[in-house]
Amino acid sequence: MAQVKQYPFDEIEPKWQKHWQDIKLFSCDVSKTKDKYYCLVMFPYPSGALHVGHGRNYILGDCVTRYKIMQGANVLSPIGWDAFGLPAENTAIKGKLHPKKSTEDNIKIMKKQLHRWGIGYDWDREITSCYPDYYKWTQWIFLKLYEKRLAYKKKAAVNWCPSCQTVLANEQVVGVRCERCDTKVGEKDLEQWFFKITDYAQRLLDDISKLEHWPERVKIMQTNWIGKSTGVQIDFPVVDSDIVLTCYTTRVDTIFGATYMVLAPSHPRIRDLIKDSPDKEKIYSFIKKVKAQNKQERASVEIEKEGIFTQRYVINPANKRKIPLWLANYVLVEYGTGAVIAVPAHDQRDFEFAKKYNLPIEIVIQPPASSRQPPEELEEAYEGDGIQVNSVQFDGLDNRTAMEKIADWMEDIKIGRRTVHFKLRDWLISRQRYWGAPIPVIYCEKCGTVPVPEKDLPVLLPENIKFKPYGKSPLADCKEFINTKCPKCKGKAKREIDTMDTFVDSSWYYLRYLSAHDDTKAFDSKLVNKWLPVDQYIGGVEHAILHLLYSRFIAKVLFDLGYTSFGEPFSRLFTQGMIIKNGAKMSKSKGNVVSPDELIKKYGVDTVRLYTLFIGPPERDAEWNDRAVEGSYRFLGRVWRLAEQVKNQSSVVSRQSPETSHLTRKIHQTIKKVTDDIEGGFKFNTAISAIMELVNDSYIALDENQDPSTIKEAAKMVILLLSPFTPHICEQLWQNLGNTESIFKQRWPKFDKDLIQEEQLTIPVQINGKLRSKVIVPADIDEEALKEKVFQDKIVKKWIGDKKYKKVIVVPKHLVNIVV
RNA sequence: GCCGGGAUGCUGAAAUUGGUAUACAGUAUGGAUUUAAAAUCCAUUGGAGCUUAGCUCCGUGUGGGUUCGAGUCCCACUCCCGGCACCA
């Protein structure tokens with residue numbers, strides 16, 4: 001336990017935090033765009049007190065901000081609150097505290113914490129998404145999408161969370177459970193508002209390649225989420241009927257091997273197809289059985305494939321063959337057309353199904369000769385490439401070529417057409433909830449759906465409301481809200497009672513910061529075009545898909561509407577890892593939350609910041625270790641004492657050392673290392689270890705009574721280099737060294753190229769690849785001189801003896817290897 | 001199953017991207033200082049062996065390969081963590 005204070009952190013921290021406020025260190029004049037730098041952290045949801053895991057995000061952002069300020073950039077570092085959302089409403093239902101109140105309380109707590117952490121923001125630009133001056137413009141965004149026909153309403157089977165009493169987007173269901181409250185999700189049919197993000201699927205996919213400075217893993221996740229596939233839609237006429245069933249396949253080369261067709265049990269045409277079937281009852285009970293298994297359950301377990309014959313046949317238009325029509329549980333109605341053409345020889349699922357129900361298997365792609373088998377001996381489907389067989393005019397082609405030729409042929413004779421398919425689905429934005437931005441739409445008996453005119457925004461959320469544990473949205477009972485006049489005919493009309501998904505709020509907030517209090521428009525196009533895209537966006541990897549994809553989508557819509565001149569909102573993205581405690585993500589429910597407040601009280605905030613940064617590479621998850629915090633605390637004590645010592649020595653007249661000392665070189669090497677580590681991508685952990693080395697070397701120099709002015713210079717550099725990480729102690733020490741201006745008005749130090757190399761090098765000498773000796777040589781030695789030196793070495797002579805060497809490999813400045 | 005990421009001391013982790021593996025910390029042990037403790041400072045802290053001022057081998061999940069030289073590159077595999085999942 002640290003019972004003796006290393007340095008008076010409790011005095012200096014509040015002092016400097018106040019000072020930064022007084023000199024308005026972080027307020028940004030956005031009219032000046034020279035050297036602009038927009039550093040953005042994902043705005044937090046006000047959930048209550050922050051833990052050290054949250055802290056990582058803000059500390060990283062703060063380090064970048066302070067570093068860039070010292071680089072001379074005009075830095076915009078804003079903050080706000082993603083303040084709408086379910087938890088506040090759930091609290092209201094349980095605790096009778098109004099969401100507005102609880103949200104404001106939480107914001108107060110978190111704001112205090114951010115200040116206490118010493119995180120620098122331009123607080124004049126603070127935004128809160130649940131206030132009318134913000135959500136007015138969220139509603140405006142909705143109207144713009146509506147005008148562009150990118151917002152539409154449709155009835156859809158949606159995920160229904162019985163606990164939250166709200167609809168969840170497919171994307172928000174985790175396993176079979178609600179992302180937020182972990183309740184098992186059911187299904188319900190409702191009229192819902194959607195944003196047509198699928199219209200942008202291709203562009204969202206294409207532009208991923210423009211995101212040079214995004215983590216590879218995030219780009220891959222988004223690519224997979226959009227899930228593009230190209231294939232062919234083929235029409236299959238049903239025998240003795242005028243129904244035509246359309247199938248989608250990505251393997252049109254296997255079409256001649258189709259031996260049956262399968263429909264999803266909820267395919268819309270089933271009723272028509274089986275209305276005269278003798279097995280009608282059996283089929284209906286099968287459908288009922290499959291529908292009882294919800295989608296997630298069907299997917300999560302490797303359940304047995306089951307199916308039933310419909311007693312109907314379809315014609316394969318490629319070869320006019322009559323094939324049976326089945327229903328099966330492994331086909332999903334949500335994907336493709338809900339109808340699958342089954343090729344058991346070349347699709348494993350079809351293969352298993354065919355084996356079970358004794359359906360024929362026919363090979364149409366011949367694998368390499370070695371692995372050929374007759375169909376009845378196959379143990380699994382062959383899904384690889386090969387040569388076409390049994391495919392009439394396409395026999396002998398390789399299947400990749402055949403795929404194109406067959407598609408051409410089908411388009412020619414009009415039995416099929418090429419199509420592109422995306423997994424991405426439209427963004428469901430309706431929430432049957434109170435605590436969100438009301439959807440600005442009015443329903444009139446005469447005029448139908450009428451958008452609220454822009455001049456009537458915002459549609460205010462009524463504050464006097466009753467909260468009910470279940471049932472309809474609280475807005476449904478609020479007559480003053482619902483009853484209104486039609487903007488068109490002035491007749492009686494009702495308001496939409498759904499509110500918007502909070503991802504809508506967060507899909508455009510980064511534009512609002514530039515003109516946070518402008519009540520005439522959502523954002524200032526001129527400013528936004530100068531300041532965007534965001535130079536550095538920092539947030540948790542959990543937002544890798546939803547938030548980041550929606551923001552990209554909205555940015556593109558606003559670009560298309562001519563409001564902005566950029567198609568991508570964030571040019572550089574950093575996703576930090578989670579802080580783990582006892583092997584799990586910190587959460588209140590798991591009871592493993594580490595509160596920063598106590599640690600800050602005990603060690604000071606700089607220690608907590610330093611440890612958070614030193615714990616490991618920021619993009620990786622890291623296990624929090626309370627005891628290890630003390631190491632960071634001790635280090636800051638060492639820095640403090642070093643600065644105190646050089647301060648006292650400052651009066652000593654420095655004697656010029658004839659040669660550049662080791663410490664001088666170390667200073668410049670450290671400046672280079674720290675600068676490179678920050679620029680090269682958030683490698684704060686190694687930057688800090690380099691500073692630690694410089695401190696250690698300074699103490700050694702002190703012990704050896706080396707030139708005090710050099711040691712003082714080293715201490716000065718330690719303070720400067722450390723200042724983005726531990727700003728409070730650095731400010732104080734900077735002042736102690738006799739400076740009157742804030743350290744953040746200082747320029748980031750530059751290193752001297754000539755001094756970053758050692759004057760002497762220790763070159764390892766290998767013989768046949770094994771380390772045998774080391775020679776010390778001048779740093780600027782040339783290859784020949786180095787060789788000579790090596791062969792004079794006693795140990796080398798001993799190893800080689802009289803033997804002739806075959807060759808000598810010299811890696812300049814690195815090593816010499818002699819092959820004997 | 002597929003797609004990502006990873007595996008290095010007792011622990012968190014470094015390694016100039018193919019060039020002295022384990023930097024910087026943490027932990028532990030011993031010592032100095034102290035009436036005592038805390039704090040501070042010093043030493044040791046991958047393994048084995050030896051003829052122990054030191055030296056020699058082995059050692060980066062496993063097995064192979066390329067190379068003068070591999071934690072790093074190639075092939076095959078095992079395990080762990082994320083994401084997706086009967087996607088036609």
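Just so it is clear, the values below take in all heavy atoms, side chains as well, and ignore hydrogens, waters and symmetry mates. First the proteins, then the strands, lettered A, B, ... as listed; each starts at 1. Predicted model, so just to flag it, every value in this text is computed and none were measured.
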>> Checking A:Thr686 now: which residues fulfil side-chain hydrogen bond (donor to acceptor under 3.5 Å, both in side chains) with it, not counting sequence neighbours?
In response: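 By the side-chain hydrogen bond (donor to acceptor under 3.5 Å, both in side chains) rule, A:Thr686 matches A:Asp677.
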> Partners of A:Arg641 by side chain to side chain contact (heavy atoms under 4.5 Å, CB included), sequence neighbours excluded?
Replying inline: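 Per chain and number, A:Arg641 pairs via side chain to side chain contact (heavy atoms under 4.5 Å, CB included) with A:Gln6, A:Arg638, A:Tyr699.
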>> Can you list everything that forms a side chain to side chain contact (heavy atoms under 4.5 Å, CB included) with A:Ala402? Sequence neighbours excluded, please.
In response: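 Only A:Gln388, A:Leu397, A:Ile406 meet the side chain to side chain contact (heavy atoms under 4.5 Å, CB included) criterion with A:Ala402.
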Distance, rounded to the nearest Å, where [X] contributes [atom1] and [N] contributes [atom2]:
{"X": "A:Ile700", "N": "B:A43", "atom1": "CD1", "atom2": "P", "answer": "9 Å"}
{"X": "A:Tyr611", "N": "B:A13", "atom1": "OH", "atom2": "P", "answer": "9 Å"}
{"X": "A:Arg251", "N": "B:C86", "atom1": "CZ", "atom2": "C1'", "answer": "17 Å"}

>> Please determine whether a side-chain nitrogen of the Lys or Arg among A:Lys602 and A:Glu630 lies less than 4.0 Å from a carboxylate oxygen of the Asp or Glu.
In response: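 Result for this pair is no, no salt bridge flagged.
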>> Does any part of the side chain of A:Pro344, heavy atoms only, come nearer than 4.5 Å to the side chain of A:Thr259, both counted from C-beta?
In response: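 When only atoms from C-beta onward are counted, A:Pro344 and A:Thr259 do touch, with a gap below 4.5 Å.
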> Can you find a pair of side-chain heavy atoms, one from A:Glu619 and one from A:Phe574, that are under 4.5 Å apart?
Replying inline: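 Answer yes - side chains close enough.
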Looking at [options], which one has an atom nearest to any side-chain atom of [X]?
{"X": "A:Arg620", "options": "B:A88, B:A14, B:C24", "answer": "B:A14"}
{"X": "A:Arg641", "options": "B:C84, B:A15, B:C41", "answer": "B:C41"}
{"X": "A:Met221", "options": "B:G83, B:G19, B:A15", "answer": "B:G83"}
{"X": "A:Val331", "options": "B:C87, B:A88, B:U20", "answer": "B:A88"}
{"X": "A:Gln766", "options": "B:A14, B:C68, B:U40", "answer": "B:C68"}
{"X": "A:Pro617", "options": "B:U40, B:A13, B:G83", "answer": "B:A13"}

What protein N or O atoms touch nucleotides 56-61 of chain B N or O atoms at under 3.5 angstrom, if any, and at what distances?
| from | atom 1 | to | atom 2 | distance (Å) |
| --- | --- | --- | --- | --- |
| B:C57 | OP1 | A:Arg772 | NH1 | 2.8 |

[N] to [M] separation - [atom1] atoms, rounded to the nearest Å:
{"N": "B:G63", "M": "B:A88", "atom1": "C1'", "answer": "39 Å"}
{"N": "B:G18", "M": "B:C24", "atom1": "C1'", "answer": "24 Å"}
{"N": "B:G4", "M": "B:C73", "atom1": "P", "answer": "16 Å"}
{"N": "B:C58", "M": "B:G6", "atom1": "C1'", "answer": "26 Å"}
{"N": "B:G19", "M": "B:G71", "atom1": "P", "answer": "10 Å"}
{"N": "B:G12", "M": "B:U16", "atom1": "C1'", "answer": "22 Å"}
{"N": "B:A25", "M": "B:A13", "atom1": "C1'", "answer": "8 Å"}
{"N": "B:A23", "M": "B:U8", "atom1": "C1'", "answer": "13 Å"}

>> Across nucleotides 25-31 of chain B, 5' to 3', mark each nucleotide with B, S or - according to how protein heavy atoms within less than 4.0 Å reach it.
In response: SSSS---
> Under the salt bridge (charged side-chain N to carboxylate O under 4.0 Å, His left out) criterion, do A:Asp235 and A:Arg417 qualify, and how do the steps go?
Replying inline: CA-CA 9 Å; A:Asp235 299 323; A:Arg417 63 227 143 254; 3.1 Å; yes
> Which stems does RNA chain B form, counting runs of 3 or more consecutive Watson-Crick or G-U wobble pairs with both distances under 3.5 Å?
Replying inline: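 Output for stems: B:1-7 with B:78-84, B:10-12 with B:24-26, B:28-32 with B:40-44, B:46-50 with B:54-58, B:61-65 with B:73-77.
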> OP1, OP2 of B:A88 versus side-chain N and O of A:Gln233: anything below 4.0 Å?
Replying inline: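 Indeed not, no polar side-chain atom of A:Gln233 lies that close.
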>> Looking only at side-chain N and O atoms, does A:Tyr330 offer a donor or acceptor that is under 3.5 Å from a partner on A:Asp350?
In response: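 Yes, A:Tyr330 and A:Asp350 have a side-chain donor paired with an acceptor closer than 3.5 Å.
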Which part of the nucleic acid, if any, lies within reach of [X] when heavy atoms closer than 4.0 Å are counted: base, sugar-phosphate only, or nothing?
{"X": "A:Ile809", "value": "base"}
{"X": "A:Leu815", "value": "base"}
{"X": "A:Asn685", "value": "sugar-phosphate"}

> Near A:Lys601 NZ, under 6.0 Å, is it more than 12 heavy atoms from other residues, nucleotides or ligands?
Replying inline: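 Open: at most 12 neighbouring heavy atoms sit under 6.0 Å from NZ of A:Lys601.
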> Out of A:Phe635, A:Trp624, A:Tyr603, which residue meets the ring pair (Phe, Tyr, Trp, His ring centres under 6.0 Å) rule with A:Tyr611?
Replying inline: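 The residue from A:Phe635, A:Trp624, A:Tyr603 that satisfies ring pair (Phe, Tyr, Trp, His ring centres under 6.0 Å) with A:Tyr611 turns out to be A:Trp624.
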> According to the interplanar angle, ranging from 0 to 90°, do the rings of A:Tyr260 and A:Trp326 count as parallel (below 30°), tilted (30 to 60°) or perpendicular (above 60°)?
Replying inline: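 Perpendicular, since the angle between the ring planes exceeds 60°.
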>> Is the ring pair A:Tyr633/A:Phe9 parallel, tilted or perpendicular, if the boundaries are 30 and 60 degrees?
In response: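 Ring orientation, 0 to 90° scale: perpendicular.
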>> To the nearest 0.5 Å, what is the distance between CD1 on A:Ile615 and CD1 on A:Ile688?
In response: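 Those atoms lie 11.5 Å apart.
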> Side chain of A:Glu216, base of B:G4: donor and acceptor closer than 3.5 Å?
Replying inline: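 There is none.
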